[in-house]
2 protein chains.
Amino acid sequence: MKASRSTNFELRMLEKAPHLRTHQWVYQLLRRNLLCGRISPGHALTIRGLAQMLQVSPMPVREALHRLASEGAVEVKDNRRVIVPMMTAEKFNELCDLRILLETHAAGTALPHIKASDITELERIDGQIDAAVEAGQVEEISLTNHDFHRRLYSTNPHQISVPLIESLWLQLGPFSRIAISKLEKTYLVDRHVEAIAALRKGNADDLCRAIEADIRDGIASVKSLDGIYDVFKGVA
Amino acid sequence: MKASRSTNFELRMLEKAPHLRTHQWVYQLLRRNLLCGRISPGHALTIRGLAQMLQVSPMPVREALHRLASEGAVEVKDNRRVIVPMMTAEKFNELCDLRILLETHAAGTALPHIKASDITELERIDGQIDAAVEAGQVEEISLTNHDFHRRLYSTNPHQISVPLIESLWLQLGPFSRIAISKLEKTYLVDRHVEAIAALRKGNADDLCRAIEADIRDGIASVKSLDGIYDVFKGVA
DNA sequence: GTTCGAACATTGTGATCACATTAGCGGCGT
DNA sequence: ACGCCGCTAATGTGATCACAATGTTCGAAC
């Protein structure tokens, strides 16, 4: 019965650029859907089910899922079933600590390479974030927020930490979507303007402080939600 | 002609545990060979060539290579050819900085979970390292040294950073093998005894200092080698 | 002798097929 | 009525095949 492959979530589609390999397209599509929280923790993903949803053969889906597993975005259980990992308080705290550790370092090493054009680009992205916040588009907020951070860190041409940081985002993604959707809109202020001001001054300490505060604000918001982790307790 | 697939390196084989999937076995085998430097930077790896060497179909090799690529251990060029990445001075410094950042953090969070049995286990591994140093087995030194660090950090049951750290090791592996093999034996002293002493005292600061010193010693050794990066410059 | 081009070999990719393992379920026995 | 066992559907895995793209080599034209 094909109905068993039916899923209770809608994938945000992504047009396939012609030069992209199919498995890369599937990977990016699943990645974006995980980052913006379309696929919830505890949800099981099957190769054949996704292949049917995306109208491709199981092969590229296999590769995409295995890559996501190696990045910690999904978890391969002993049964070989693939699920989106659960979140615990300890895991969440550790992920946030690592974000602060790596992202302040990345921002510090990027600072010497910042050009004026980079700052205007970052301001443009920050405007997109504000627009998404204003419109209440939760998924857009996540995606553009990541764009902001990635663009900042990637200014350093020798940056190595971005893939590591993205792995952390992927592990936090499915969970933080739930958290953000439970927050009041007013809590969603970010520290990007402080970060941009620090970039203009070329002040590394201010920049790290802004990045750390930006991350910590999200933590504080989530921690204010009592029993947030229980949402995913009994699902597996 | 099959000879074109011939390789100028010997793979360190690894018996396949029966419960392991073939692609996991291939992955672990390639991973160990990269970590201990059997495969040099600039070397090209082909799916069919490896499949023939290992007597398996191209499929599990594909998955293993893609996973290694997502961890930064190998690099997929625009030609779709897979090579072991080159090393540059900037990249090396950045990788070492990240190692210090992540590994001191990992050690600090592991410290509260250390039990007496963990310390004896670490001492056992350290003995293996000394034996390998004494015997001049360069590859064994790398592998057991990683075992020591991994074992220490993994004592924390909620450890998230180990996969990130292993990614750094993988990127450093092929290069440091060359570096180590050019060093005098006497340079290869480590700071593991200091780390174990700090564990016994439960002193986090001492532990972090020992770990950082352990990593920095390797950096200093490599930097003392003039023109070490040039070895791999013209290969690609 | 040099250079351009066409034929060939090799490689990565994706689809399809075959098989082992596992989960889900219904029936049988106690 | 409860629990154990076997059957069936479904899933992940690995092999083989077909194809497109890339790299290489050999030969012809200037």
Side-chain angles (χ1 to χ4, degrees), chain A residues 1-8 14 16-30 39 42-70 73-85 234-236, chain B residues 1-9 14 16-30 39 42-70 73-85 235-236:
Chain A
M1 179 74 172
K2 301 290 180 182
S4 66
R5 289 182 193 158
S6 76
T7 52
N8 43 357
L14 179 69
K16 177 187 171 188
H19 62 90
L20 273 183
R21 309 279 131 222
T22 306
H23 66 90
Q24 295 170 340
W25 172 65
V26 174
Y27 167 77
Q28 293 184 5
L29 189 146
L30 290 178
I39 315 177
H43 203 100
L45 299 175
T46 65
I47 294 177
R48 285 177 167 88
L50 289 171
Q52 182 175 314
M53 291 178 68
L54 301 176
Q55 294 294 318
V56 296
S57 96
M59 182 84 41
V61 179
R62 258 164 74 173
E63 308 209 1
L65 279 183
H66 279 136
R67 177 164 178 188
L68 289 170
S70 84
V74 299
E75 184 181 356
V76 180
K77 310 282 289 188
D78 296 335
N79 332 333
R80 303 180 188 174
R81 294 195 71 160
V82 175
I83 68 166
V84 183
V235 187
Chain B
M1 179 75 174
K2 300 291 182 184
S4 68
R5 291 183 193 156
S6 76
T7 51
N8 43 358
F9 63 89
L14 179 69
K16 176 187 171 190
H19 62 92
L20 273 183
R21 308 279 129 222
T22 306
H23 67 90
Q24 295 170 340
W25 171 64
V26 175
Y27 167 76
Q28 293 185 6
L29 189 146
L30 290 178
I39 315 176
H43 203 101
L45 299 175
T46 65
I47 295 178
R48 285 176 166 90
L50 289 170
Q52 183 175 313
M53 289 177 69
L54 301 175
Q55 294 293 320
V56 296
S57 97
M59 182 83 41
V61 179
R62 257 164 75 173
E63 309 210 1
L65 278 183
H66 279 139
R67 177 165 178 187
L68 289 169
S70 84
V74 299
E75 184 181 355
V76 180
K77 310 283 287 187
D78 297 333
N79 333 334
R80 303 180 189 172
R81 293 197 71 161
V82 176
I83 68 165
V84 183
V235 187

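These numbers come from the heavy atoms of this one structure, side chains and all, not from hydrogens, waters or symmetry mates. Because the structure is predicted, anything quoted here is derived from the model rather than measured. Chain letters run A, B, ... following the sequence lines, proteins first, then strands; residues in each count from 1.
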**Q** Among A:L68, A:L54, A:L14, which residue meets the side-chain contact (heavy atoms from CB on, under 4.5 Å) test with A:V26?
**A** A:L54

**Q** Minimum heavy-atom separation for B:P60 to B:T22, with atom names?
**A** CG-CG2, 3.7 Å

**Q** Please state how far atom CG in A:L50 lies from atom C1' in D:dG12, giving the value in whole angstrom units.
**A** 13 Å

**Q** Sugar-phosphate means primed atoms, P, OP1 and OP2; the rest is base. With that split, encode nucleotides 12-21 of chain C 5' to 3' as B, S or - using protein heavy atoms under 4.0 Å.
**A** BBBBB-B--S

**Q** Do A:L65 and A:L30 come within less than 4.5 Å of each other through their side chains, counting heavy atoms only?
**A** yes

**Q** Please report, rounded to the nearest Å, how far the C1' atom of D:dG12 is from the CD atom of A:E75.
**A** 17 Å

**Q** Can you name the residues that form a side chain to side chain contact (heavy atoms under 4.5 Å, CB included) with B:R21, not counting sequence neighbours?
**A** A:R80, B:H23, B:Q24

**Q** Holding to salt bridge (charged side-chain N to carboxylate O under 4.0 Å, His left out), I want the full list of residues that pass it with A:R62, two or more places apart in sequence or in another chain.
**A** B:E63

